[in-house]
Amino acid sequence: MADEPDTSPGIEPDVPDAANVPAVPNVARIYDYFLGGHTHYPADIAAARRITAASPQAPLLARAMRRWLVRVVAAMTAEGITQFLDLGADLHTLIDLTAPLGVIVSGVVHFLPETPATAAQFAALRERLAPGSALALNSLVSDGDPTGATTLFRLYQGETGRGQLRTADQLRRFFADFTLQRPGLVPLDDWRPDAPVPPSALPEPLIWGGLARKP
């Protein structure tokens, strides 16, 4: 019924707001806050501010991920891909899995555990993709700045209770036998930069990304 309160996990039904404001932070809404969006709530803002207070890199990294995403989509388009899937969207009704597809996994992998189930999910994804498809992903890694990466990961883990900090080699395994494109798996702002970024907006090399094609 439309007038029944939402009792989904993470929703506080007693908040005096018809929208039932979420009582716990959400990774995607924290990211939205860092990007200056509008789809976030007080719990997300509070979490984002706690993270930023302990790691001022966090908002810069969110913006670097967005810059990387724009460049990755442009690179896929230049290689002839005309349909894209940013994981989390409605797949089967909109996407033709018999044609090349550009799949983007941005800001997600470091929230996934290092388990056989995670590996199996990525294997199933790669298997479903048609030849010529592309897989772009990024993640927090420990290679560039182990201390900074560990600090930021623990902050996010404290807010969300999940995830895994990986090395670049561990991240590379998600591509399996796909062909990694130039310049390989690198810090986000080193991946095919197309415009100068003010030094004050450049984050430390905590999040790396890459793009690979399916043979």
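Using modelled atom types, one side-chain atom of His110 and one backbone atom of Leu140 make a donor-acceptor pair closer than 3.5 Å. Using modelled atom types, one side-chain atom of Gln83 and one backbone atom of Pro100 make a donor-acceptor pair closer than 3.5 Å. No donor-acceptor distance shorter than 3.5 angstrom exists from the side chain of Asp44 to the backbone of Tyr33, with no hydrogens or angles considered. Of the possible polar contacts, one joining the Ser133 side chain to the Ala130 backbone as a donor-acceptor pair under 3.5 Å is found.
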Arg29 vs Ile45, test: side chain to side chain contact (heavy atoms under 4.5 Å, CB included). Steps then yes/no. CA-CA 9 Å; Arg29 295 194 303 263; Ile45 296 172; over 6 Å; no
Passes side chain to side chain contact (heavy atoms under 4.5 Å, CB included), Arg166 versus Arg173? Steps please. CA-CA 11 Å; Arg166 296 176 172 85; Arg173 294 172 195 165; over 6 Å; no
Start with the C-alpha distance between His40 and Tyr31, add both sets of side-chain angles, then the distance that settles side chain to side chain contact (heavy atoms under 4.5 Å, CB included), and finish with yes or no. CA-CA 9 Å; His40 51 260; Tyr31 182 61; over 6 Å; no
Could you walk me through whether Phe174 and Thr118 pass the side chain to side chain contact (heavy atoms under 4.5 Å, CB included) check? CA-CA 10 Å; Phe174 286 106; Thr118 297; 3.9 Å; yes
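Every side chain to side chain contact (heavy atoms under 4.5 Å, CB included) that Leu180 has, sequence neighbours left out, goes to Arg172, Phe175, Leu185, Ala212. Phe84 meets the ring pair (Phe, Tyr, Trp, His ring centres under 6.0 Å) test with no other residue; sequence neighbours excluded. Under the ring pair (Phe, Tyr, Trp, His ring centres under 6.0 Å) criterion, Tyr156 pairs with Phe111, not counting sequence neighbours. Listed by chain and residue number, Asn138 satisfy the side chain to side chain donor-acceptor pair (under 3.5 Å) test with Ser106 (two or more places apart in sequence, or in another chain).
Summarising the geometry, atom NZ belonging to Lys214 is positioned 10.5 Å from atom CG belonging to Leu135; distances are rounded to the nearest 0.5 Å. One distance of note links CH2 of Trp191 with CZ of Arg182; it measures 7.5 Å at 0.5 Å rounding. In this structure, CG in Leu188 is found 7.5 Å from CG in Leu61, a value given to the nearest 0.5 Å. Atom CG of Leu129 is separated from atom CZ of Arg213 by 11.0 Å, given to the nearest 0.5 angstrom. With rounding to the nearest 0.5 angstrom, the CE atom of Met65 is 11.0 Å from the CZ atom of Arg67. Taken to the nearest 0.5 Å, the CG atom of Leu69 stands 6.0 Å off from the CG atom of Asp86.
Residues Arg63 and Phe34 are not in side-chain contact: their nearest non-hydrogen atoms beyond the backbone lie 4.5 Å or more apart. Two residues are said to be in side-chain contact when any heavy atoms from C-beta on lie closer than 4.5 Å; Pro25 and Glu159 meet this criterion. By the 4.5 Å heavy-atom criterion applied to side chains, Thr77 and Ile81 are not counted as neighbours.
The two atoms that bring Ala201 and Pro203 nearest to each other are O-CD, 3.4 Å, heavy atoms only. Closest non-hydrogen pair, Asp190 versus Pro193, comes out as O-CD, 3.7 Å. Across every non-hydrogen atom of Pro59 and Ser55, the tightest pair is CD-O, 4.4 Å. Closest non-hydrogen pair, Pro183 versus Arg192, comes out as CD-CG, 4.0 Å. Here the closest heavy-atom approach between residue Ala134 and residue Leu211 is recorded as CB-CD1, 3.7 Å. Summarising the geometry of Trp208 relative to Pro187, their closest heavy-atom pair is NE1-CG, 3.6 Å, with the distance given to 0.1 Å.
No path of Ile, Leu, Val, Met, Phe, Trp and Tyr side chains, each step under 4.5 Å between heavy atoms, connects Val72 with Leu125, placing them in separate hydrophobic clusters. Taken together through direct or relayed side-chain contacts under 4.5 Å among Ile, Leu, Val, Met, Phe, Trp and Tyr, Ile30 and Val108 form parts of separate hydrophobic clusters. By the criterion of side-chain heavy atoms lying less than 4.5 angstrom apart, applied directly or through intervening Ile, Leu, Val, Met, Phe, Trp or Tyr residues, Val73 is not grouped with Leu101; the two fall into different hydrophobic clusters. Transitive grouping of hydrophobic side chains (ILVMFWY, heavy atoms separated by less than 4.5 Å) brings Ile207 and Val186 into a common cluster. Neither Tyr41 nor Ile51 shares a network with the other; the hydrophobic side chains, linked directly or stepwise wherever heavy atoms of I, L, V, M, F, W or Y lie under 4.5 Å apart, form separate groups for each.
One side chain, Thr98 or Asp96, offers a donor N or O that lies under 3.5 Å from an acceptor on the other.
Leu202 forms part of a hydrophobic cluster together with Val197, judged by ILVMFWY side-chain heavy-atom separations under 4.5 Å.
None of Val103, Thr82, Ile104 except one satisfies the side chain to side chain contact (heavy atoms under 4.5 Å, CB included) rule with Met76; the exception is Ile104.
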Output side-chain donor-acceptor pairs under 3.5 Å for residues 141-155, partner residues at least two apart or in another chain, one line each.
from   : atom 1 : to     : atom 2 : distance (Å)
Asp143 : OD1    : Ala168 : N      : 2.7
Asp145 : OD1    : Thr147 : N      : 3.4
Asp145 : OD1    : Gly148 : N      : 3.0
Thr150 : OG1    : Pro146 : O      : 2.8
Thr151 : OG1    : Thr147 : O      : 2.9

